[in-house]
Novice: 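Can you keep this structure in mind? I'll have questions shortly.
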Amino acid sequence: MRTLKVALLGCGTVGSDVVRYMTRHAADLTARIGAPVELAGIAVRQAGLPRPGAPEHLVTTDADALVRRGDIDVVIEVIGGVDRARDLIMTAFEHGASVVSANKALIAAEGAALHAAAAAHGADLYYEAAVAGAVPLLRPLRESLAGDRVNRVLGIVNGTTNFILDRMHSSGADYPQALKEATALGYAEADPTADVEGHDAAAKAAILAGFAFGTRVRVEEVHREGITAITSADIDNAKAAGSVIKLVAVCERGAGGSSVNARVHPAMIPSGHPLAAVRGAFNAVLVEADAAGQLMFHGPGAGGAPTAGAVLGDLVAVCRNRLAGVTGPGDAVHNRLAVSPMADVVTRYHLGLDTTDQPDALAEVAAVLGRHGVSIATLSRRHGDGGFSLTVSTHHATDASLSAAVRALRTADHVRCVTSVIRIEGT
Ligand code: NDP
Ligand code: HSE
């Protein structure tokens, strides 16, 4: 029985747990694959750091030499970043290896080129861990739902921001403290801007749209807003409205089905909605399909051990393919659907406004919204600070109409300030 050789690129939060579980589950992995797997080398950036559990003789700072060895069956890439990771993976394909990655930034940016290279070299490229950590999502979308038609995907796909918003909502923690905790727990990206500004979730949305609709969505085509503008007043407003604020990713087909859109932004979710109950660094994704109806995938979305579990699942699949002399499914993209701009997306807004206490203030707000084709679903008003504090939730309208209405409200005679603008999902 031949032994399959694995090279690990990166031994940080995820990589160190890959080593730990490869060692701990060695017998099961052998049984499931049908052959033993051997860790042949571990590439890192800095020499001499303590790396508990990682055999010292395997650790190298020469990642290039490791992927060029020629006897490596599978390269696991968990270094992160785009350029260096892409170059190492391309070299790995050229030298006969298949690749497992957890790197959503890379796959969203370079997925097409990487899949083409994998196909050209008869290799596999798997990346289940890149979206929603431990939650099996890409494989079900590509395989279990291959006979169905997915219309919409709505989910929480970033653990760090969910952790922060959950802390702000449940314990009144402040944003910097919650981010510090998420980083210490290994949830955040090397640069947490990627999390809090929505880049990480946007990369995942681009990948998800590809798997859900079989079409290429570039990460630049994903509308992106992060959570840095969310204040404790927004959290309080959400509570008052019986909702919670979550950073959501939405991928949906446009009317008629010939276009898609993908977006990432904070949204108010009613507290009875399944996504509202997603706590800490957990992720959850609701998939709506023609035949299956609504499916929900839920579980740990970040952290070393959960992500390592997903990486090792891919490792088993790739090793099995290798032993059978086959490759698994390649690029999920087989359609060319147009990506519609955010302006065309139909959504709902929650608005917070400070108005004067004049009798016609309310009428002016309603008139401005009406002029832009936006109708009011609920409205509440209370006295405060010499005027009124107004909370409005709108009915559905295009994002172009809603944002034009907000711009007009900012300059309306009786509106002193637009205090919050947050989209509403899950109603
Ligand atoms: P870390 O920053 O904890 O670890 C990165 C590792 O890669 C470190 O060991 C680092 O070496 C090594 N590394 C970085 N650059 C190089 C390089 N040029 N050459 C060789 N080694 C290098 O990151 P994570 O483990 O958190 O994340 C890794 C990947 O997994 C990222 O793509 C991330 O998006 C993804 N991911 C992370 C999750 C998480 O919860 N953390 C969840 C899902 C996916 P050194 O130790 O010497 O600094
Ligand atoms: N930083 C990412 C998150 C890691 O918080 O979701 C998992 O992809």
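Both backbone and side-chain heavy atoms feed into the values below; hydrogens, waters and symmetry mates do not. All ligand and atom numbering here is 1-based and tracks the order in the structure. Bear in mind the structure is a predicted one, so any value in this text is a computation, not a measurement.
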Novice: Looking only at protein heavy atoms, which one is nearest to atom 6 (O) of ligand 2, and how far off is it?
Specialist: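 Ranking protein heavy atoms by distance from atom 6 (O) of ligand 2, first comes Gly159 N, 2.7 Å.
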Novice: Give the residue and atom name of whichever protein heavy atom lies nearest to atom 8 (O) of ligand 2, and the separation in Å to one decimal.
Specialist: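 Here the closest protein heavy atom is Lys104 NZ, 2.5 Å.
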Novice: Any salt bridge between Arg149 and Glu288, counting N to O under 4.0 Å?
Specialist: no
Novice: Run the numbers for me: atoms of ligand 2, each under 4.0 Å from some heavy atom of Asp195, listed by number.
Specialist: 1 (N), 2 (C), 3 (C), 5 (O)
Novice: Can you check whether Gln46 has an N/O within less than 3.5 Å of an N/O in ligand 1?
Specialist: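 The answer is yes, given that Gln46 and ligand 1 share an N or O pair closer than 3.5 Å.
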Novice: Nearest to atom 39 (C) of ligand 1 by heavy atom, Gly48, Gly15, Gly301, Gly186: which?
Specialist: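 Looking at heavy atoms only, Gly186 sits closest to atom 39 (C) of ligand 1.
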Novice: For ligand 1, which atoms sit closer than 4.0 Å to a heavy atom of Ala302?
Specialist: 40 (O)
Novice: Identify, by atom number and element, the atoms of ligand 2 in contact range of Tyr187, meaning under 4.0 Å from any of its heavy atoms.
Specialist: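 Reading through ligand 2 atom by atom, the close ones are 1 (N), 2 (C), 3 (C), 4 (C), 5 (O).
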Novice: Would Ala188 count as being in polar contact with ligand 1, using the rule that some N or O on each side must be under 3.5 angstrom apart?
Specialist: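 No, there is no polar N/O contact under 3.5 Å.
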Novice: Distance to 0.1 Å, residue and atom name: give those for the protein heavy atom nearest to atom 46 (O) of ligand 1.
Specialist: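 Atom 46 (O) of ligand 1 sits closest to the protein heavy atom Arg51 NH1, 2.9 Å.
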Novice: Please classify the Thr160 to ligand 2 contact at 4.0 Å (heavy-atom distances, strictly less than): side chain, backbone, both or neither.
Specialist: both
Novice: To which protein heavy atom is atom 35 (C) of ligand 1 closest, and what is the distance rounded to 0.1 Å?
Specialist: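 Here the closest protein heavy atom is Ala102 O, 3.3 Å.
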Novice: Of all residues at least two apart in sequence or in a different chain, which pass the side-chain contact (heavy atoms from CB on, under 4.5 Å) check with Glu221?
Specialist: Val217, Arg218, Val339
Novice: Around atom 7 (C) of ligand 2, find the nearest protein heavy atom and jot down its residue, atom name and distance.
Specialist: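 The answer is Gly301 O, 3.3 Å.
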Novice: Just to confirm my output: which protein heavy-atom neighbour is closest to atom 18 (N) of ligand 1, and how far is it?
Specialist: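 So the nearest neighbour among protein heavy atoms is Arg84 CG, 3.6 Å.
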Novice: Tell me which protein heavy atom sits closest to atom 26 (O) of ligand 1, plus the residue, atom name and distance to 0.1 Å.
Specialist: Thr13 CB, 3.5 Å
Novice: Report, in ascending order of atom number, the atoms of ligand 2 lying under 4.0 Å from any heavy atom of Glu189.
Specialist: 1 (N), 2 (C), 4 (C)
Novice: Regarding Glu38 and Lys5, does a basic nitrogen lie under 4.0 Å from an acidic carboxylate oxygen?
Specialist: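 Salt bridge flag = no for Lys5 with Glu38.
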Novice: Do ligand 2 and Asn283 have nitrogen or oxygen atoms that lie under 3.5 Å from each other?
Specialist: no
Novice: Looking at Glu425 and Arg152, is any side-chain nitrogen of the basic one under 4.0 Å from a carboxylate oxygen of the acidic one?
Specialist: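 Counted as a salt bridge, because a side-chain N and a carboxylate O are separated by less than 4.0 Å.
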Novice: Can a donor-acceptor pair be found, under 3.5 Å and without considering hydrogens, that links the side chain of Arg320 to the backbone of Arg32?
Specialist: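 Checked: pair present.
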Novice: Is Arg84 salt-bridged to Asp64, cutoff N-O under 4.0 Å?
Specialist: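 Result for this pair is yes, salt bridge flagged.
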Novice: With a 4.0 Å cut-off on heavy atoms, is Val78 in contact with ligand 1?
Specialist: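 Contact present.
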Novice: Can you tell which of Asn103, Val14, Leu9 gets a heavy atom nearest to atom 37 (C) of ligand 1?
Specialist: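 Residue with the shortest heavy-atom distance to the ligand atom: Val14.
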Novice: Is Gly133 near ligand 1, meaning one of its heavy atoms is under 4.0 Å from it?
Specialist: no
Novice: With a 4.5 Å limit on heavy-atom distance, are the side chains of Ile107 and Leu114 in contact?
Specialist: yes
Novice: Can you check whether Met22 reaches Val37 side chain to side chain, under 4.5 Å on heavy atoms?
Specialist: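 In contact.
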Novice: Quick one: look up the protein heavy atom nearest atom 32 (O) of ligand 1 and list residue, atom name and how far away it is.
Specialist: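 Checking every protein heavy atom, the shortest distance to atom 32 (O) of ligand 1 gives Gly80 CA, 3.2 Å.
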Novice: Below 4.5 Å, heavy atoms only, C-beta onward: do Val157 and Leu208 meet side chain to side chain?
Specialist: yes
Novice: Could you pull out all residues at least two apart from Arg216 that satisfy side-chain contact (heavy atoms from CB on, under 4.5 Å)?
Specialist: Ala112, Asp331, Val333
Novice: Is Val135 close to His298 at the side-chain level, that is, under 4.5 Å between some pair of heavy atoms?
Specialist: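 When only atoms from C-beta onward are counted, Val135 and His298 do not touch, as no gap falls below 4.5 Å.
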Novice: Return yes when at least one protein heavy atom is under 4.0 Å from atom 23 (O) of ligand 1, and no when none is.
Specialist: no
Novice: Would you call Arg322 and Asp124 a salt bridge, taking side-chain N to carboxylate O under 4.0 Å as the test?
Specialist: no
Novice: Is the distance from the ring center of His115 to that of Phe93 below 6.0 Å?
Specialist: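 Ring centres of Phe93 and His115 not closer than 6.0 Å.
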Novice: Considering only non-hydrogen protein atoms, determine which one is nearest to atom 2 (O) of ligand 1 and report residue, atom name and distance to 0.1 Å.
Specialist: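 Here the closest protein heavy atom is Ala190 CB, 4.5 Å.
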Novice: What atoms of ligand 2 come closer than 4.0 angstrom to any heavy atom of Asn158?
Specialist: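 Those atoms are 2 (C), 3 (C), 5 (O), 6 (O).
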Novice: Please write down residue, atom name and distance for the protein heavy atom closest to atom 33 (C) of ligand 1.
Specialist: Glu189 OE1, 3.5 Å
Novice: Please list, in number order, the atoms of ligand 1 under 4.0 Å from a heavy atom of Cys11.
Specialist: 6 (C), 8 (C), 9 (O)
Novice: Using a distance-only test with no angle check, is there a side-chain donor-acceptor pair under 3.5 angstrom linking Asp62 and Thr60?
Specialist: no
Novice: For atom 13 (N) of ligand 1, state whether the nearest protein heavy atom is under 4.0 Å away.
Specialist: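 There is a protein heavy atom less than 4.0 Å from atom 13 (N) of ligand 1.
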Novice: For residues Asp399 and Tyr349, determine if any side-chain heavy atom of one lies less than 4.5 Å from a side-chain heavy atom of the other.
Specialist: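 Side-chain contact under 4.5 Å: yes.
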Novice: For Glu56 and Arg51, run salt bridge (charged side-chain N to carboxylate O under 4.0 Å, His left out): C-alpha distance rounded to whole Å, both residues' side-chain angles, the deciding distance at 0.1 Å, then the answer.
Specialist: CA-CA 8 Å; Glu56 218 178 303; Arg51 302 187 190 274; over 6 Å; no
Novice: Out of the candidates Glu197, Arg423, Arg263, only one should pair with Glu225 under the side chain to side chain contact (heavy atoms under 4.5 Å, CB included) rule; please name it.
Specialist: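 Running side chain to side chain contact (heavy atoms under 4.5 Å, CB included) over Glu197, Arg423, Arg263 with Glu225 returns exactly one hit, Arg423.
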Novice: Side chains of Asn151 and Asp290 only: does a donor on one sit below 3.5 Å from an acceptor on the other?
Specialist: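 A donor-acceptor contact under 3.5 Å links the two side chains.
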Novice: Do ligand 1 and Gly81 have nitrogen or oxygen atoms that lie under 3.5 Å from each other?
Specialist: no
Novice: At a 4.0 Å threshold, what atoms of ligand 2 neighbour a non-hydrogen atom of Lys204?
Specialist: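 So the atoms of ligand 2 that pass are 2 (C), 3 (C), 6 (O), 7 (C), 8 (O).
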Novice: Out of curiosity, is Glu77 lining ligand 1, as in a heavy atom under 4.0 Å away?
Specialist: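 The answer is no, since Glu77 has no heavy atom less than 4.0 Å from ligand 1.
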Novice: Can you list the ligand 1 atoms lying under 4.0 Å from a non-hydrogen atom of Gly303?
Specialist: 39 (C), 40 (O)
Novice: For ligand 1, is any non-hydrogen atom under 4.0 Å from Ala129's backbone (N, CA, C, O), its side chain (CB onward), both, or neither?
Specialist: backbone
Novice: Would you mind checking which non-hydrogen protein atom is closest to atom 10 (C) of ligand 1, with the distance to 0.1 Å?
Specialist: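 The protein heavy atom lying closest is Arg45 NH2, 4.0 Å.
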